[in-house]
Structure formats: structure tokens, C-alpha cells
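Chain identifiers are assigned alphabetically (A, B, ...) following the order of the sequence lines, protein sequences preceding nucleic acid strands; residue numbering begins at 1 within each chain. Computed from a predicted model, the values in this text were never measured in an experiment.
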Number of protein chains: 2
Amino acid sequence: MAITLKEVAKRAGVSRSAVSRTFTDGASVSEKMRRKVEKAARDLGYSPNALASSLTTGRTKLIGLVSNNFHNPIFLQVFDLFTRGLQDRGLRPLLVNLSDETDPEASVRMLRQYSVDGVVVASSTLSPDFAKAFRDAGVPVVHSFGRSTSAPQVHVVGIDNVECGRMAARTLLARGYKDIAFLGGPESATSTQDRYKGFFQELATAPDINLSHSFAEQYSFDAGRKEMLRLLRDHPAEAYFCGDDVLSIGVLSAIKDSGLRVPEDIGIIGLNDMEMARWQNIDLTTIHQPIRQIVTSSIELMVAMLDEPDRYPEGRVFPCSIVERGTLRPAP
Amino acid sequence: MAITLKEVAKRAGVSRSAVSRTFTDGASVSEKMRRKVEKAARDLGYSPNALASSLTTGRTKLIGLVSNNFHNPIFLQVFDLFTRGLQDRGLRPLLVNLSDETDPEASVRMLRQYSVDGVVVASSTLSPDFAKAFRDAGVPVVHSFGRSTSAPQVHVVGIDNVECGRMAARTLLARGYKDIAFLGGPESATSTQDRYKGFFQELATAPDINLSHSFAEQYSFDAGRKEMLRLLRDHPAEAYFCGDDVLSIGVLSAIKDSGLRVPEDIGIIGLNDMEMARWQNIDLTTIHQPIRQIVTSSIELMVAMLDEPDRYPEGRVFPCSIVERGTLRPAP
DNA sequence: GCATATTTTGCAACCGGTTGCAAAGAAGTG
DNA sequence: CACTTCTTTGCAACCGGTTGCAAAATATGC
């Protein structure tokens, strides 16, 4: 068993409170006492039990990191940034993988059992209600990559997906494409819905456009490939706006297999600007999503909320930009 | 603040122990009592505080999941499998991102402060000493993707990297390559060392082989690309065994940029068989690493150790196999 | 040197649970 | 119905810390 505060106190010949105080900063301890205690602690190899102290302080420094995007490589970067950022602030990420089978209710309950100080929901496919469930349970929550409305129920950090849709539409129009399609992620995802909405709005005002749409089952290579193979059997469009880069790459793979060429026969524009999009064997034209800023901002918001739990919910939206690469034909 | 056991006890008109017992299975409670307590708990929305109970039971069900591979997409799958597998067994992964700056000592201390029941080190680049530090601190530990020796100090689950090196060598020999090179990951990684060792051993016995080697700074696309661009300035080899798929893909990208073709001018064989390796625009010949089995087995071992902490350290090695795709020329 | 102000220290209660033990209650036996 | 045995329940101590409060120690002023 590990060394406890009591043993250190005994060895140093002081009270338990004295030991506790030397290990909590801001407490009143004399230099002499501090040295005595630290020596004893070092001799014994003592380190305080964070969980025990959380009982009285009410703070665990545990942050639930909830996601369901374990098939989209950009989320590796997201996890990297979140874990690093949280660690740097002395917070500990408790990772929750919300796959299809797992009951969301159960996750809420579990994270409460572990008294997490806060929860970050990192997902563009989870319903806003999910994040809200934490808020209702009295847990500070930030929804990263979520849909930001004008009156958010919880803190939301992300991009304006509607505007991204418009952006994609304008880009395709500028290249002179007429027969245009949207290939989205899961239809239930708010990100898919919003991207399509903006895309549709912008194209609706343009003349002579033939617009179609379909959805992949999830944001993954396989789902994109599968859906594109299906589309290729029929009469494919001239250009596709894919709801996400990893989807786009699946689409590219399907097109390549069919013998058609990109961008000569079919144009593709993605969204995210994941690392692989710039790999020369992929070279995907896409819309850049500022992941780093979104994560940094989410963490800031989380930290702020720990001090001020009743902070008024806020939506933070970061701008996106087109990254021109090789999967769209030049403007006519 | 959350509802506590005391409040439930009061509401149900019973003792605190009674409430505690209804929530710990295996305890002696009458049906009548159970119903009474459960009703009160439901009315109040009570759920037990896992951390408080860990204080007496000595079990937190927290498992440290330590890794430093946040740039290699296969680790997204690794995290997916680990988090799911642990969750299914009622365990909670506390994720630790061991980037270059972070002090390994500090992680050990931190995980002890949170009284994790065990630690999984998931990395092929961390020194075996790191895992050992946990064992020395009295924490059950499994090193996944680590180097398994004949007398492991801690539980290790992974592949035989030396044998993989040999396998790669045999494959390249069979294809008639003579001018052969190894492009490894970080030189300090045991996986790199072992893969090179086997590769070298096998080629040393073959006649007329010209063997060279170099190392990328980490297992990442950029590092592979950078190293290959350097090699291309000189006189590149006929075929490369790359220490990892993501490295290989970086290498492919560099080759493509240089105007050379794969497999006509240069052959590439990777290791891991990551999802992207089979993407048609990559189509990488590689050695399959059975990630799923490694993770499953690691979790099994972890669970076993929770019951039996002094279990004798064991090495579990899973076989790898060649996956033929399009980056090696056919046998002559 | 003494009275007073300030800092440091220890006591004891508490955080939210668990558990050994003994008393109370229920069930079984003759 | 009394007696034994088994089950259920509550008491109280404990897990490893924190913290308000008052006593003890030290510093300050005159």
C-alpha cells in the first residue's frame, strides 16, 4: 500500500494538518516546518492521494473527454491537442468512447460517479441534447465541433457549417461546374445537415444547376468509398462536395477504381484539411477547419467554467478557408 | 452538489450502511430493504460516488493509458479498441499523452496520485524502463507494442519485430532486389532496432546484396517524407523496407514528387497494414500487425493482473504476415 | 520587559463512502 | 412455545485527506 499522510506526519513528528498544509499551496506553513515535512515525505516516497483530497475540496481535476469519432484520423490530432492542453493545465482526461452500442445515459451517469469537474464533448455527429444532458446534471460542459446556434444551451466551439457549405458551393460555381452533388456524412449529424443547408442555399440562387445529394453512413473512408461506388453505377455528377476529407478520400479511391480521373472527369472538394489531404498522392482541395484553435478555445472555456460554473453559455465560431489543391478543375 | 448516501438513508428511513449495501453486490440485504432504498435513490436521483468508495475498497477502476504515438493513425484504432475494451469491463481509461517535453517521472507520480488500478503503456517507441517504472511503483502494468524478451520485466504484448525484419528481407530477396535499404523510425525505438536487426541478419547471409540504412525522426508521414527526399538527392536504393506504414506513405509521396515511379523504379514495403495502406491511391505492400489481438490480449492480461497483482511477467507475441499490394515489383 | 498583533500549529469534525462486529429479527426445530 | 441457527440491520471506526477554530508560538511596538 502507498504511504499516507499519517505516516509522514508521524515520521516528521508533526500533526497531520501540518503535512496536508505543506502540500496545498496558499496554506500557512513556516519554512522550518516545510523542510521537516518535505524531508520526511521524500524519505518515505510519499505523494498525496488526489482522490481523497477531492472528497473535501470537491475538485477532482478529472475532465471527461467524450467522443464517437474513432474512425476519422483528424480525431487523433484532436485527442493529441486535448490531452496535451488539459495536461498542461493540470487536468486529467478521462476518455469515453461513445460507440453506437453504448448508452449515452450510462456515460452521463458514469462521469458523474467519477465526479469529473467538467466534460468536453468532441464530436460533430452527436446531438446537442447529449451535451445538454451533462449541463442538466450540473456538470460544466463544452461541445467542441458542435452546432452553434444563436442561443446555445451549452458552450459550443466550432465552425459555421452553413457558411462552409456556401463556400464549397461558390467554389464549385466559380469553376463552372453545373451538375453538382453533395455527399454528406450521417444524415442525422448536425454538421451534415448544416453543410448541406448552406450548400443548397447558395446553389438555389444560381441558374442552370442540377443538384443532387446522398449520405454516407459515417465519416469514414469505407463509408465514402461505398457510397461513391454506388453513385458511379448510375450517372455520377460533375463535382462533389464531400462532407469530410476522409470521406473524400474514400470517394477518390472509388473513382480511381472505376477508371475515371480526378479532376478531369469528376471534381472533389472536401472539408477539414486533415494532414493526409496534403499528401501528394491524395492532394485534395478542401476547406480548412481550424482544429487547433477550436481545441485551444474549448479548453480555455472549460478552464473558465471551472471557476465560474454558471457562466452564460456561449458559442465560439472560427472561420474556415478554402485550400486549393488538385481535385478541382481550373476555372474556365 | 450531488445527492449523497446519507440523504438517501434519511429519506428511506434506514441506516447509511443499508444504503451502501444495496449498491454493492454480494452484500446481504433483504428484498424489502432493497426496494425501499432503491425507491428513495430513484426519487432523489442518487448515484454512488466511485471515488469515495475507492478510498475504502482500494479500487478505482481507473486504468492509465499512456502513449506517445499521436501522429500515427493506427493509434486511433488502438485507442478505439482500448477504450471500448476497457469500458466493456467497467474500467475507465485515464489518457496520458507522453509528448517529448513531458517528464516520464511526472506521469508515474500523477498516475499514482490518481490511484489507478493499472497502467497500459501503448507504444513501440518507449523504453522498456518506462513500463518498469510503474512496476517498481507497485502498479500493475502491461506494455503493449513493446519489445518482448525472453525474460520480460513486465507483461509485454506485441509482435516479434526481429522476425518481421527477416520477413521483409526475404520478401525483397524473392523479388530479386539487390540494392536494398532500411528506413527506420526513431533509432532509439526498440521496434526500429529489432526490425533492423532481423532485416540485417537475413540479408547478411545472401550474396551480392548492397545494404544501407537510415532513420526518420519519428513514425510520421512528414518524417518519412523528409528522410526520403534527402535520400533521393543522392543515389537511392532499389527497394526500401520502411519501419512503419505511415512512414512508407511519406516515402511514397517523396518519390512521386521526384518523378520516379513505384514499383517500377523503387520498391517499398511497410509494416502495420494500417487502414490507409489498402486505400487504392496508396496500395502499399506491407506486413500486417494484428492490432486487434494485441489490444484484446493486453486488456485480458490487465484484467487478470487486477486479481492477481504478483502474476509472473509474461510476453505474448502474435504472428505477422505479408500483405501483397502494389508497391513491390513482381518476382523476376 | 510587557502588552498586543500576527503567524503557525494542532485538534477535531468532516468529505462520501465501506465493513467488522454485535444486536435484532426471522426462520427452523422439537 | 422455548431454543437454536441463520439472516438482516445499525453502530462505529475507518479510508486519506482538508479546514474552521482556538491555542501556542513568534513578531512587533513602546
Side-chain angles (χ1 to χ4, degrees), chain A residues 1-38 40-41 44-62 109-117 138-139, chain B residues 1-41 44-62 109-117 138:
Chain A
M1 208 51 199
I3 307 299
T4 74
L5 173 138
K6 195 158 79 181
E7 304 170 58
V8 178
K10 191 155 156 208
R11 168 140 199 170
V14 300
S15 75
R16 297 188 309 139
S17 351
V19 180
S20 172
R21 284 189 182 104
T22 52
F23 284 96
T24 47
D25 35 28
S28 143
V29 210
S30 69
E31 257 318 302
K32 206 171 92 194
M33 170 69 83
R34 154 154 280 128
R35 268 198 298 278
K36 235 187 336 187
V37 171
E38 277 175 350
L44 261 37
Y46 167 76
S47 75
N49 182 328
L51 268 22
S53 73
S54 84
L55 256 191
T56 30
T57 61
R59 290 245 164 150
T60 55
K61 304 204 161 199
L62 253 26
R109 209 173 322 122
M110 180 239 119
L111 285 170
R112 284 193 13 166
Q113 289 187 349
Y114 279 83
S115 323
V116 293
D117 286 349
V139 182
Chain B
M1 209 51 201
I3 307 299
T4 74
L5 173 137
K6 195 157 79 182
E7 304 170 57
V8 177
K10 191 156 156 207
R11 167 138 197 170
V14 301
S15 74
R16 299 189 308 141
S17 350
V19 179
S20 172
R21 284 190 182 106
T22 52
F23 284 96
T24 47
D25 35 29
S28 143
V29 210
S30 70
E31 259 316 303
K32 206 170 92 193
M33 170 69 83
R34 155 154 279 130
R35 267 199 298 278
K36 237 191 329 191
V37 172
E38 278 175 350
K39 168 116 180 36
L44 261 37
Y46 168 77
S47 76
N49 181 329
L51 268 22
S53 72
S54 83
L55 214 45
T56 30
T57 60
R59 291 245 165 150
T60 55
K61 303 202 162 202
L62 253 26
R109 208 173 322 123
M110 181 239 118
L111 286 170
R112 282 192 18 164
Q113 289 186 347
Y114 279 83
S115 324
V116 293
D117 287 348

List every contact pair, protein side and nucleotides 24-27 of chain C side both N or O, where the distance is under 3.5 Å.
none

Closest non-hydrogen atoms of A:Arg59 and A:Asp117, given as atom of the first, atom of the second and distance, are CA-OD1, 3.6 Å

Shortest non-hydrogen contact from B:Ile3 toward B:Tyr46: O-CD1, 3.4 Å

B:Thr4 side chain reached by B:Asn49 side chain, heavy atoms, under 4.5 Å: no

If we only count heavy atoms from C-beta on, is the A:Leu51 to B:Leu55 side-chain gap below 4.5 Å? no

Using whole Å, report how far [atom1] of [X] lies from [atom2] of [N].
X        : N      : atom1 : atom2 : value
B:Glu7   : C:dG16 : CD    : C1'   : 10 Å
B:Gln113 : D:dG17 : CD    : C1'   : 13 Å
B:Leu55  : C:dC14 : CG    : C1'   : 13 Å
B:Leu51  : D:dG17 : CG    : P     : 13 Å
A:Lys36  : C:dT8  : NZ    : P     : 14 Å
B:Leu44  : C:dG16 : CG    : C1'   : 15 Å
B:Leu5   : D:dC15 : CG    : C1'   : 15 Å
B:Lys10  : C:dG16 : NZ    : C1'   : 16 Å

Determine: side-chain N/O of A:Tyr46 to OP1/OP2 of D:dG17, distance under 4.0 Å, yes or no. yes

Nearest heavy atom decides the nucleotide; on that basis, is A:Lys6 or A:Ser54 closer to the 5' end of DNA chain D? A:Lys6

Assign each of B:Met33 and A:Thr4 to its nearest nucleotide of DNA chain D by heavy atoms, then name whichever residue's nucleotide is nearer the 5' end. B:Met33

Separation of [Y] [atom2] from [X] [atom1] (nearest 0.5 Å):
X        : Y        : atom1 : atom2 : value
A:Thr22  : A:Met33  : OG1   : CE    : 8.5 Å
A:Arg21  : A:Ser15  : CZ    : OG    : 6.5 Å
B:Tyr114 : A:Ser54  : OH    : OG    : 8.0 Å
B:Ser47  : A:Arg112 : OG    : CZ    : 5.0 Å

Would B:Arg35 and B:Glu31 pass as an ion pair if we require N to O under 4.0 Å? yes

Check: A:Ser20 side chain, A:Arg16 main-chain N or O, donor-acceptor pair, under 3.5 Å: no

Looking at A:Thr60 and A:Ser115, would you say the former's side chain and the latter's main chain have a donor-acceptor pair under 3.5 Å? yes

Close approaches to DNA chain C from residues 12-19 of chain A, in residue order (heavy atom, under 4.0 Å): A:Val14, A:Ser15, A:Arg16, A:Ser17, A:Ala18

Near DNA chain D, counting only heavy atoms under 4.0 Å, which residues of residues 21-31 of chain B show up? B:Arg21, B:Ser28, B:Val29, B:Ser30

Using a 4.0 Å heavy-atom cut-off, does A:Ser20 contact any base of the nucleic acid, only the sugar-phosphate backbone, or nothing at all? base

Given C:dG17, D:dG17, C:dT19, which nucleotide is nearest the side-chain atoms of A:Asn49? D:dG17

Take A:Val139 and A:Leu111, measure what side chain to side chain contact (heavy atoms under 4.5 Å, CB included) needs, and give me the verdict at the end. CA-CA 9 Å; A:Val139 182; A:Leu111 285 170; over 6 Å; no

